[in-house]
Amino acid sequence: MNETAFVTSDHVRTRFSAVMSEMYRAEVPQYGTLMALVADVNAETLAADPALKADLERTDDLDRIDLERHGAIRLGTAEELSTMRRLFAVMGMEPVGYYDLSVAGVPVHSTAFRPVREENLARNPFRVFTSLLRLELIEDEALRQEAAAILSRRRIFTPGALALIERFETADGLTDGEAEEFVREAVETFRWHREATVDEGTYQRLSKVHRLIADVVCFRGPHINHLTPRTLDIDAVQAKMPARGIAAKDVIEGPPTRRCPILLRQTSFKALEEAILFQGEDGPAAGTHTARFGEIEQRGLALTRKGRALYDQLLARVRDAGGQGNAGADYATRLAEVFADFPDDHETLRREGLGYYRYVLTERGQGAAPAGSAAAPMEALIASGHVAAYPIVYEDFLPVSAAGIFQSNLGGQEQRSYAGNASQDAFAEALGALVADEFEVYETAEARSIEAVRAGLRRELRDDAA
Ligand code: OOG
Ligand code: NI
């Protein structure tokens, strides 16, 4: 077998995300409006900020700046989740992180399938936030069994997709033709179907327990429920949504606006009420369902465990104040006030070990390296101008923010929290694999960059001696 005949997983992922984007814009026209707004704001931001533009030229492909960074799906069974893991593996996407959303009243737990290494993220960062319904959190035994029975009857993957997953696993790659066919088959799983698989009564009974349960159980497959392009100025997009006829979520989730962005900020437009058809004894019966929306994100520095602990602590302080959560017209002000305690310059963030950085040799460092420099502390090498540090971008999700996104799109007032709680072992068992620890992923990226710097310095020294 000629290995070079295989395309890379980056290539398959890029093709897949492009086809998904096209499909979603056709299915949810308002999403196309949001994409256009994001492109306009990104162009304005770049025009006004040459330094940012230069920065992005160094690290990103500017042409692809407006493209989707993530999407989300919700699955019903362990088998669906483990097959989904194999499907995403074809595209170089691995499960990273475990998110327990039951504490926020959403009966799911989740992971993100994403490229892990920086070079793959740079080629195409597309991720899918993937949730698994936790039927065990439904208290009504009969209803729980009914939901499980309905789910056990559906087949969300096409035979063609399953065959190509197996082909990939045995051959360790796909040819260009196979990859094209794989993408065509794979997107079928994420397509919207307006015909529910149940009658209206069943839908209503499930919906009453939690609207999310109806969304997962009552349809043929896990329709993609949103896609999310990257914006360079989330505050501007949020402010401009109404003028384009888009009903924006009330607040931006995540940290406040800062000089040095950290983690992830996101907002969305509210899910649309869409016409569906229930099964009926005398033919289909008309109804509506609310599930699909559009979202935008802006990412910043990945925080270390220490930085993340500070973030969680400050966020809890804002949300617990007055017990209002993120409601209230003054939320943005309260958020900014409390986050004044989070250092906002990279020098401090780095020195205090709050964030992860990528270290690279400067031009000077590539020139004459002083003796002993290969072993010198990074801070000394930065001070002497031999090394520069760039923030590593956060590529994961935030459970409190995700819960806020779920909630604003379920329409209902579900605010209860489930007695159930984190169940990472059960999730891993359903997945058929362990999820990677996000902190370890960033630690490895940082460590690799340090190793490259040291190797570079050793080489300079050798060259000098020669
Ligand atoms: C997923 C919500 C979480 C995010 O960006 O935090 C999410 C969902 O609604 O299924 O996508
Ligand atoms: Ni999202």
Side-chain angles (χ1 to χ4, degrees), residues 1-26 57 59-73 75 79-96 111-130 155-191 221-222 224 227 229-230 393 395 431-436 441 444-445 448-449 451-452 455:
M1 182 74 222
N2 180 2
E3 292 258 353
T4 57
F6 290 150
V7 293
T8 63
S9 356
D10 293 334
H11 175 84
V12 189
R13 184 171 68 260
T14 299
R15 192 178 275 183
F16 174 78
S17 62
V19 174
M20 290 283 276
S21 175
E22 207 175 295
M23 178 175 90
Y24 201 60
R25 264 174 299 171
E57 262 156 8
T59 54
D60 290 274
D61 188 345
L62 265 186
D63 296 341
R64 294 183 308 177
I65 214 78
D66 312 321
L67 291 194
E68 278 82 5
R69 299 291 157 139
H70 82 259
I73 54 169
L75 301 171
E79 195 192 334
E80 290 175 359
L81 180 65
S82 65
T83 308
M84 197 58 83
R85 171 177 59 77
R86 295 167 56 211
L87 180 138
F88 284 135
V90 177
M91 301 187 259
M93 297 156 82
E94 295 167 34
V96 179
T111 190
F113 287 97
R114 70 168 179 87
V116 169
R117 293 184 68 126
E118 279 182 281
E119 55 269 34
N120 304 101
L121 283 160
R123 282 186 209 117
N124 183 304
F126 190 66
R127 292 151 270 226
V128 179
F129 190 92
T130 303
R155 296 285 172 268
I156 67 170
F157 301 98
T158 67
L162 292 172
L164 283 160
I165 291 171
E166 275 172 29
R167 168 95 194 128
F168 171 82
E169 288 169 348
T170 42
D172 208 23
L174 295 181
T175 64
D176 193 46
E178 287 168 343
E180 193 172 318
E181 194 186 331
F182 170 78
V183 168
R184 205 165 46 237
E185 295 285 338
V187 295
E188 286 308 310
T189 297
F190 306 97
R191 195 182 284 291
I224 184 94
L227 285 178
R230 167 188 188 182
V393 173
E395 304 290 353
L431 183 67
L434 296 173
V435 299
V441 171
T444 306
R448 253 195 225 130
S449 76
E451 197 32 60

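Here the structure is a predicted model, which means the values were calculated and not measured. Every heavy atom of this structure was used, including side-chain atoms; hydrogens, water molecules and symmetry mates were not.
The backbone N or O of Ala179 sits nowhere less than 3.5 Å from a side-chain atom of Arg15 that would complete a donor-acceptor pair.
Checked against salt bridge (Lys or Arg N to Asp or Glu O under 4.0 Å), Glu79 has no partners two or more places apart in sequence or in another chain. For the side chain to side chain donor-acceptor pair (under 3.5 Å) test, no residue two or more places apart in sequence or in another chain qualifies with Arg85. For Ser82, the side chain to side chain donor-acceptor pair (under 3.5 Å) criterion is met by no residue, not counting sequence neighbours. Residues satisfying the salt bridge (Lys or Arg N to Asp or Glu O under 4.0 Å) test with Glu178, not counting sequence neighbours, are Arg167. Applying the salt bridge (Lys or Arg N to Asp or Glu O under 4.0 Å) test to Glu169 and every residue at least two apart in sequence or in another chain returns Arg86. Checked against side chain to side chain donor-acceptor pair (under 3.5 Å), Glu188 has the following partners two or more places apart in sequence or in another chain: Arg191. Evaluation of the side chain to side chain donor-acceptor pair (under 3.5 Å) rule for Thr189 yields no partner, not counting sequence neighbours. For the side chain to side chain contact (heavy atoms under 4.5 Å, CB included) test, no residue two or more places apart in sequence or in another chain qualifies with Arg155. Partners of Phe157 by ring pair (Phe, Tyr, Trp, His ring centres under 6.0 Å), not counting sequence neighbours: none found. Qualifying ring pair (Phe, Tyr, Trp, His ring centres under 6.0 Å) partners for Tyr24, counting only residues two or more places apart in sequence or in other chains: Tyr31. With sequence neighbours excluded, no residue satisfies salt bridge (Lys or Arg N to Asp or Glu O under 4.0 Å) with Arg448.
The line from CE of Met20 to CZ of Arg13 is 13.5 Å long, rounded to the nearest 0.5 Å. Taking CD1 of Ile73 as the start and CD1 of Ile156 as the end, the distance is 7.0 Å to the nearest 0.5 Å. Of the inter-residue distances, the one linking Leu227 atom CG with Phe190 atom CZ reads 10.5 Å to the nearest 0.5 angstrom. Arg69 contributes atom CZ, which lies 11.0 Å from atom CZ of Phe126 (distance to the nearest 0.5 angstrom). For the atom pair Met84 CE and Phe113 CZ, the distance stands at 8.0 Å (nearest 0.5 Å). From Arg127, atom CZ reaches atom CG of Leu121 across 6.5 Å, with rounding to the nearest 0.5 Å.
Ala186 approaches Ala161 most closely through the heavy-atom pair N-CB, 4.4 Å.
In this structure, the side chains of Glu80 and Pro222 stay at 4.5 Å or more apart for every pair of heavy atoms. Put simply, the side chain of Leu67 does not reach to within 4.5 Å of the side chain of Ser17, judged on heavy atoms. Here the side chains of Glu181 and Leu174 are not in contact, with every heavy-atom distance at 4.5 Å or above. Within the 4.5 Å cutoff, no side-chain heavy atoms of Arg184 are placed close to those of Thr158. In this structure, Val187 and Glu22 have side chains that are not in contact, with every pair of non-hydrogen atoms separated by 4.5 Å or more.
The neighbour count for Glu451 CD, taken as heavy atoms of other residues, nucleotides or ligands under 6.0 Å away, is above 12.
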For residues 88-96, run the donor-acceptor check on the side chains, cut-off 3.5 Å, and write out each pair with its distance to 0.1 Å, sequence neighbours left out.
none

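The pair Asp10-Arg117 does not count as a salt bridge, with every side-chain nitrogen at least 4.0 angstrom from each carboxylate oxygen.
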